[in-house]
J.: 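Attaching a single structure in C-alpha cells format; questions to follow.
Everything numeric here is computed off the predicted structure, so don't read it as measured data. In the text below, chain A, chain B and the rest are named by the order of the sequence lines, each starting its count at 1.
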Amino acid sequence: MTDASSSTAASLLAGLNPVQYQAVVLEGGPGLVLAGAGSGKTRVLTRRIAWLIRERDIAPHRLLAVTFTNKAAGEMRERVAALLGFPAHGLWIGTFHAICLRWLRRHPREAGYAPDLSVYDSADQQTLLRGLLKEDGFDHTPRRARELLGIVSRWKNRGEGPEAAASQARGPAQQVAARFYRRYQDALRARNAVDFDDLLLGAHRLFQAVPEIADRYAEQFRHVLVDEYQDTNHVQFLLVERLARRHRNLFAVGDDDQSIYGWRGAQVKNILDFREHFPEATVLSLEQNYRSTKTILDLANAVIAHNPDRWPKRLWTERAAGTRPQFFLGADEDEEAEEVARRVAEATRAGAELRGIAIFYRTHAQSRPLEDAFLRRRIPYRLIGGVRFYERREVKDLLAYLRALVNPSDEVALRRAVGVPRRGIGETGAASWLAESAARNVDPLEAAAGGGLESVGARGRSGLTEFGRIMLEWRARLGEPPERLLGEIVARSGYETYLEEQGGDWEERRANVRELVDGARLFSSQVEGGGVREYLDQVSLLTSADTAEEKADAVTLMTAHNAKGLEFPRVFVVGLEEGLFPHASSLEDPAELAEERRLFYVACTRAMETLVLSASALRRRYSSGGGGVSRFLSEIPAGLLEETPCGDAPRRAPSGGRTLVSEGEPFADPDEHPLVGRRVHHATFGSGIVVAAEGRGTEAHVTVRFHGGRSRKVIGSYLEWEV
DNA sequence: GGGCCCTCGTCCTTA
DNA sequence: ACGAGGGCCC
C-alpha cells in the first residue's frame, strides 16, 4: 500500500473502501473510527489530513494530530507530504508528551514553571523518590520506589493531586504513596523538573489556570485527530476535549481490543463512552483486515473473543487461508530460542528477507537467549527497546552535564555530573555542597567555583572548585550548537580517559560517546534553531523505536508492547507460558488478564503471512517451569494451530561458549549443583534438560526432557553434563 | 568518616 | 545495568 504522490483530488480518495472513504471525508462534528487491526487506519489518518489541507483549504497549523510515538509522527508527516506533493509546514503532529512539552515551553510561567525546565525519565524519577524515602527512613529499594511511582502515576493520569490521593488511598502501599506524592511533587518543582505524567498534567493545568490560552488553541485547531485512542488516559481525554470544544472536530481512531496500556492509566472507557461525551458523533467501524491471512485472523479473533466488555465487531478478510500458524515447545529457553533461530534460517534459505521477520516477547529479559541463538548462527538482528541508547550510563552521564547547565536547579543532573569522572566528591560531599548552596541561596555552580564551601571536606574541594569553574565557562556558551558543547565536555572533563580507566567494555562505551556527539551534530543540522535546550527536549522524549536502524536487513526483536502499529510478513511470539504471558502479576485480576489477552492479540495480528507461537517447558527466571503453557494457547480452536516438533537432530555441541564435560564430574558435589534444570547430553537421545531427579551422585535417576519434547528416565552416569 | 572500587543479586510492559 | 554491602585507602 504505497500512497504515491499525485496532484489530483481523486487520488486522495482512490482505493479506499466505503467506510475508509467516509472516515477520510467526515465533516461537521466529532467522529470515532473503530479501526480493527490491519484495517488501514494509518491510511485513513494520512489521507484525511492531506484531504483537509488540500480539499478544504485548512492551513496546516490549524490541524493537530496526536500519534503514539515520535516515529509514527515522523512517518505520518512524510506520508502527508508525499500525498500533497509538498511538506505541510506548521502542521502540529507528535505524541501527547511532545506536544504538551511544547506548550509548557511556550507558557512556562503560566504553567507554574521557570523556563528551562528539565524532563525527568523514570531513572531520574527513581533517584529523586528514593532520596526522599531514604530521608524519612522508609524502604527505598528500587522495587519499592517503582511500585510507589506507579501508584502516583495512576493518580496523576486521572488528574488527581496529592489531596485527592490522600483522601482515597487504600491499603499501606497507597498510603505511603499518598504521603510521598506531595513531597515528590515539591521536590520536582524545586528542581524545576517535570516527569512524563507532569507533561500532560502541566498542560491540563495550564489550560485550566489560563482559559484564554486554552481558548486560543481551541480556536486555532479546526481539527484535532487522535490515533490509538484506546490508549489515552483521563488527562489526555480532558486535553483533547478542551481543544476540540470550539470547533467540535475531534477525530479519534482506535480499537478497544488493542488497549494495552491500562497499567499506565489508559482507559478504554474513552472509546466506549465516546458517544456520551460527544452525542452528535459519527461512529464508523473499519472491519476489513488487509494485513493477515484468514487463518491468522481466525486465530486472533478466537482468542480475543474470550474477553468480556468488547465493542461488538467482527474482523474479516478476503485473503486466503494461508499457512496454518504453528506452535512448538522447547525444553528450556535456550532450546526455544535455538529453534526460533533455526526456523528463521530456514525461512531465509527459502527466500524470506530478515527485515520481514519479527520476534515478540512479553519482557525484555527474554531477548538474551534469542540474541545468543542469532549470534551463534550469525543471523543479524536488531533489538528494539531494552537498554536504549539514551538510557546508557555513559550517554546519561554526558547529558547530565547539559541538563545541569541549562537548568541550575536540576539537582539530579548536578549530582550525576559532578560524580563522573570521579572528582573526590561522593554522595555525602554532593549533599553538603547542594545543601550549603541552597542555605546560602547561591547558584550551586557559583558556590562550587568560589571554593568557599565549608561543609565540603578538604579532599573533595579542589575537584569541586574545578568542576564549578569549568561548568560556569560552559554555561556561558549555551548558545553554541549542542555537539560543540558536548565535544568540549567530553574532551575537557576527561570522560574518555575515565572510561578507559574503568576498563571492561570501555571501547564500546567510547563509541557510544562518539555516537552521541554525532547524533547531536545531526540534530543541529536538521533542526533549524536547534540549540542545546531543543536537543535535550528531543532526546528526553525519544521512543525506543525512534533510534532503531531502519535500513539494515535484520530480524527484529521487541516486546509485544513495542509491536503496536507495526506489521511483518513473519512473526514469532515466544514465551507463551502461564506466569510470563500472561504475566504473573496479572493472574489475580480479570481486568489485567484481559489486557494480557489484548496484548497477545496485538502480537498475533502483526503477522501478515506466517505466525509461529512457542513456549518452553522450563524457564530459569520466571515461572520456574511450574506454570505450564499459556492459557491463550488453549483458547485457540484445534484446527487453527499446528503443533510441530522442536528441532529434529540432536544438538551439536556449540562452538565455544558452553562446554560439555564428561560423565560424573558434576556429581562431585551434588548439593552445590541441583540437578533439575541442568542441560545434559545423551548418546542416543541427544540433548535435553533435567526436569526431575531422584537420588544423587552417579546413581541418580533423572527424568530428562529431550529435544522435541519427549521425556525419558535415565541414569545420571549415562549423561554428559553441561557446566 | 568519606570516597571509591569490588562482587553479587535482582529486573514486566513505556512516553 | 544498578544498587547494596564489604573492604581498602586517604
J.: For dT14(B), does either OP1 or OP2 sit under 4.0 Å from a side-chain N or O belonging to Thr559(A)?
T.: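 Thr559(A) to dT14(B) OP1/OP2: side-chain N or O found under 4.0 Å.
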J.: Could you check whether Ile425(A) gets within reach of a base, just the sugar-phosphate, or nothing at all, counting any heavy atom under 4.0 Å?
T.: sugar-phosphate
J.: Got Tyr601(A) and Asp255(A) here, is their nearest side-chain heavy-atom distance under 4.5 Å?
T.: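 Touching, per the 4.5 Å side-chain cut-off.
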J.: Separation of Trp433(A) atom CH2 from dG2(B) atom P, in whole Å?
T.: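 Result: 18 Å.
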J.: Is there a donor N/O on one and an acceptor N/O on the other, under 3.5 Å, for the side chain of Arg422(A) and the base of dC4(B)?
T.: no
J.: Rounded to the nearest angstrom, tell me the gap between atom CD in Glu394(A) and atom C1' in dA1(C).
T.: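 So the CD-C1' distance, Glu394(A) to dA1(C), works out to 11 Å.
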J.: Once you round it to whole Å, what is the distance between P of dC12(B) and CZ of Arg598(A)?
T.: 21 Å
J.: Start at the 5' end of DNA chain B and walk down; is the nucleotide closest to Tyr498(A) or to His561(A) reached first?
T.: Tyr498(A)
J.: Rounded to whole Å, how long is the line connecting atom CG of Leu200(A) with atom C1' of dT14(B)?
T.: 13 Å
J.: If you check the Trp263(A) side chain, which of dA15(B), dT14(B), dC12(B) turns out closest?
T.: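 Per side-chain heavy atoms of Trp263(A), the pick is dT14(B).
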J.: Measuring to OP1 and OP2 of dT14(B), would you say a side-chain N or O of Asn562(A) lies under 4.0 angstrom away?
T.: yes
J.: Are Phe196(A) and the base of dT14(B) stacked, counting only ring centres nearer than 5.5 Å and planes tilted under 30°?
T.: no
J.: Using the C1' atom as the reference point in each nucleotide, state the distance between dT13(B) and dG3(C) in Å, no decimals.
T.: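 That atom pair is separated by 22 Å.
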J.: The side chain of Asn70(A) is closest to which nucleotide in this list: dA15(B), dC2(C), dC12(B)?
T.: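 The closest nucleotide is dA15(B).
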J.: Measure CG/Asp397(A) against P/dA1(C) and give the value in whole Å, please.
T.: 12 Å
J.: Going by 5.5 Å between centroids and 30° between planes, is there a stack of His364(A) over dC11(B)?
T.: no
J.: Are Arg130(A) and dC2(C) close enough that a side-chain N or O sits under 4.0 Å from OP1 or OP2?
T.: no
J.: To the nearest 0.5 Å, what is the distance between CG (Asp537(A)) and CG (Leu117(A))?
T.: 8.0 Å
J.: Between Asp124(A) and Arg416(A) (salt bridge meaning N to carboxylate O under 4.0 Å), is one present in this structure?
T.: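 Judged by the 4.0 Å cut-off on N to carboxylate O distance, Asp124(A) and Arg416(A) do not form a salt bridge.
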J.: Both Glu592(A) and Glu427(A) contact DNA chain B. Which one's nearest nucleotide lies toward the 5' end?
T.: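 Closer to the 5' end of DNA chain B: Glu427(A).
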J.: Using a cut-off of 4.0 Å on non-hydrogen atoms, how would the nucleic acid contact of Tyr261(A) be classed: base, sugar-phosphate, or nothing?
T.: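 Here Tyr261(A) touches the backbone only, sparing every base.
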J.: Specify the residues of residues 131-148 of chain A, ordered by number, for which at least one heavy atom lies under 4.0 angstrom from an atom of DNA chain B.
T.: Arg143(A), Arg146(A)
J.: Can you name the closest pair of heavy atoms from Gln258(A) and Asp231(A) and give their distance?
T.: O-OD2, 3.7 Å
J.: Please step through ring-ring contact (aromatic ring centres under 6.0 Å, His included) for the pair Tyr401(A) and Tyr495(A), ending with a clear verdict.
T.: CA-CA 11 Å; Tyr401(A) 277 83; Tyr495(A) 194 83; 7.5 Å; no
J.: Rounded to whole Å, how long is the line connecting atom CD1 of Ile260(A) with atom P of dT14(B)?
T.: 9 Å
J.: Can you tell me, in whole Å, how much space there is between the C1' of dC12(B) and that of dA4(C)?
T.: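 It works out to 22 Å between them.
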J.: How many whole angstroms separate atom OH of Tyr120(A) from atom C1' of dA15(B)?
T.: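 After rounding, the reported distance stands at 18 Å.
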J.: Please confirm whether Trp263(A) and His561(A) have ring centers closer than 6.0 angstrom.
T.: yes
J.: Can you measure Gln125(A) atom CD to dC2(C) atom P for me and round it to whole angstrom units?
T.: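 In whole Å, dC2(C) P and Gln125(A) CD are 16 Å from each other.
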J.: Before accepting this row, confirm whether a basic side-chain N of the pair Arg422(A)/Glu501(A) lies closer than 4.0 Å to the acidic partner's carboxylate O.
T.: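 The answer is no: the pair does not qualify as a salt bridge.
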J.: Select base, sugar-phosphate, or nothing to describe what Gly460(A) touches, counting heavy atoms under 4.0 Å on all strands.
T.: nothing
J.: Please identify which of these residues, Tyr261(A), Tyr229(A), Phe96(A), meets the ring pair (Phe, Tyr, Trp, His ring centres under 6.0 Å) condition with Phe68(A).
T.: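 So the option named by the test is Tyr261(A).
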